[in-house]
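Remarks on the structure that follows.
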Amino acid sequence: MTRRVLVTGGAGYIGSILVDQLLDRQYSVFVLDDLTTGHRAAVARGASFVQGNVGNRELVDALLVRERIDAVVHMAAFALVAESVAHPQKYVTNNVTAARILLEAVARTGVRRFVFSSSCAVYGHPARIPITEDTPQDPVNPYGETKRDFERLLADFGPQHGIGVVSLRYFNAAGATPRLGEDHDPETHLIPNVLAVALGKQPAVNVYGTDYPTPDGTAVRDYIHVVDIADAHVRALEMSLNEDQPVALNLGTGSGHSVREVIGAAQRVTGKTIPVSTQARRPGDPPVLVAAVERAAAVLGWHATHSSLEEILDSAWRWRRAHPQGYRGEGGA
């Protein structure tokens, strides 16, 4: 049974919350993170931490052997769409080339389970909503391309080397736990930016596009609580898996909320007025992204149980008020 787990990117937003859940379930947890975007203060004391990059072959080999790792959850990726457009090779180098080095080390050292944090960005602009896992993958930016390319590599490599592989395609991760929350620089996600306005740290929230073919003209997204995302990863580690059959699953709720709906709900949760600054559409933003969730339910026995918009916003608001400087106020990078 899988009990010794390496989480790459475990100092990041979602990774740190997964680490906490694994520790709560009595796993031995090891974190590999170069702290480029992660926060050392986010890593639970019960986890063993190694600072380094997944592309460091010698480091990864030694870590996997020394700690007798039997499963890897790979969450160490660059994830800014605009940056990927400006610096596509940076994204290929980290998200594909370095990740392949990790995967090869996994094969050499006998690890038998590999769970990959993928993204709905692999789908691009799908013709049908909700988006099923069989939707053609046609990403519209280098970030999405790197997720698609590594998924394909993983699907070929896993069966060849007896590694059971699961790719989890997140929709819009959001929310917080009492200890851990979202602290990015720059921050590109809607909910933390909305809450920054509520805290008085920003004058207004930018709304990119009000002329989409949606009920209120703003883009619609499927928001999922990070607690639910982490739970899906634990289930992916524990599920019965045919090593010859790679698995890819959407993680979402099956319903969407528009930008205006998120802002309205945030005003209700915070009791604050949140001014809006209307901007032009961003290139490449589709009108609607909502997951079909039946396959994750069938394969993992998983449903999003904490992902109402109110619960997401309330948890993120509580964390942000308790940590107004993010992790910088806790002696962490």
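As the structure is a computational prediction, the values presented were derived from the model and not from experiment.
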For a 4.5 angstrom cut-off between non-hydrogen side-chain atoms, does V54 reach L32? yes
Any side-chain heavy atom of V299 within less than 4.5 Å of one from L249? yes
Contact between V227 and T177 at the side-chain level, heavy atoms closer than 4.5 Å - yes or no? yes
To the nearest 0.5 Å, tell me how far L103 CG sits from H161 NE2. 7.5 Å
Once salt bridge (Lys or Arg N to Asp or Glu O under 4.0 Å) is applied, what residue pairs with a partner in residues 207-216 remain, sequence neighbours excluded? D211-R281
Would F157 end up clustered with V166 when hydrophobic side chains under 4.5 Å apart are linked, directly or stepwise? no
As a quick check of understanding, evaluate salt bridge (charged side-chain N to carboxylate O under 4.0 Å, His left out) for K147 and E151, giving each step before the final call. CA-CA 6 Å; K147 290 292 188 180; E151 268 200 38; over 6 Å; no
Under the ring pair (Phe, Tyr, Trp, His ring centres under 6.0 Å) test, which residues partner H184, sequence neighbours left out? Y13, H189
For R100, look at atom CZ and say whether over 12 heavy atoms of other residues, nucleotides or ligands are found less than 6.0 Å away. no
List the residues meeting side chain to side chain donor-acceptor pair (under 3.5 Å) with N172, not counting sequence neighbours, and say none if there are none. none
Quick one: name the residues clustered hydrophobically with L190, using the 4.5 Å side-chain heavy-atom rule over I, L, V, M, F, W, Y, and just say none if it's on its own. I191, V194, L195, V197, L199, V205, V207, Y223, V259, V262, I263, V269, I274, V276, L309, I312, L313, W317
Do P142 and V85 have side chains that approach each other closer than 4.5 Å (heavy atoms only, starting at C-beta)? yes
Hydrophobic cluster membership, L23 vs M75, 4.5 Å side-chain cutoff: yes
In the single-linkage hydrophobic clustering (I, L, V, M, F, W, Y; side-chain heavy atoms under 4.5 Å), do V234 and V19 co-cluster? yes
Is there side-chain contact between E187 and E182, with heavy atoms separated by less than 4.5 Å? yes
Any side-chain heavy atom of L64 within less than 4.5 Å of one from V72? yes
Examine L251 and I14 and state if one hydrophobic cluster contains both, with Ile, Leu, Val, Met, Phe, Trp and Tyr joined whenever side-chain heavy atoms are less than 4.5 Å apart. yes
Mind checking whether H74 and F150 have parallel, tilted or perpendicular rings, split at 30° and 60°? perpendicular
Mind checking side chain to side chain donor-acceptor pair (under 3.5 Å) for S308 and listing every partner two or more places apart, or none if nothing turns up? none
Check the pair T36, D34 against side chain to side chain donor-acceptor pair (under 3.5 Å), reporting the backbone distance first and the verdict last. CA-CA 5 Å; T36 299; D34 64 9; 2.8 Å; yes
Between N250 and V293, is there a donor-acceptor pair closer than 3.5 Å when you use the side chain of the first and the backbone of the second? no
Set of residues satisfying ring pair (Phe, Tyr, Trp, His ring centres under 6.0 Å) with respect to Y170, sequence neighbours excluded: H233
Heavy-atom pair of closest approach, residues A42 and S16: O-CB, 3.6 Å
Test T146 against every option in T97, N95, N141 by the side chain to side chain donor-acceptor pair (under 3.5 Å) rule and name the one that passes. N95
Contacts of type ring pair (Phe, Tyr, Trp, His ring centres under 6.0 Å), residue F171, not counting sequence neighbours: none
Keeping to residues at least two apart or across chains, list the salt bridge (Lys or Arg N to Asp or Glu O under 4.0 Å) pairs with something in residues 75-92. E83-K90
Output all residues satisfying side chain to side chain donor-acceptor pair (under 3.5 Å) with S167, sequence neighbours left out; order by chain, then residue number. none
Out of E133, Q137, R169, which one pairs with Y123 under the side chain to side chain donor-acceptor pair (under 3.5 Å) rule? R169
With hydrophobic residues grouped by side-chain heavy-atom distances under 4.5 Å, do L102 and L154 end up in a single group? yes
Looking at A304 and G252, what are the two nearest heavy atoms and their distance? CB-O, 4.1 Å
Identify, with sequence neighbours excluded, every residue that meets side chain to side chain donor-acceptor pair (under 3.5 Å) alongside R25. Q21, D231
Decide yes or no for S119 and Y143: does some side-chain heavy atom of the first lie under 4.5 Å from some side-chain heavy atom of the second? yes
Pairwise side-chain contact, D70 with R113, heavy-atom cut-off 4.5 Å (strictly under): no
With F78, which residues qualify under ring pair (Phe, Tyr, Trp, His ring centres under 6.0 Å), at least two apart? Y91
Residue pairs meeting ring pair (Phe, Tyr, Trp, His ring centres under 6.0 Å), one or both in residues 258-312, sequence neighbours left out, come to none
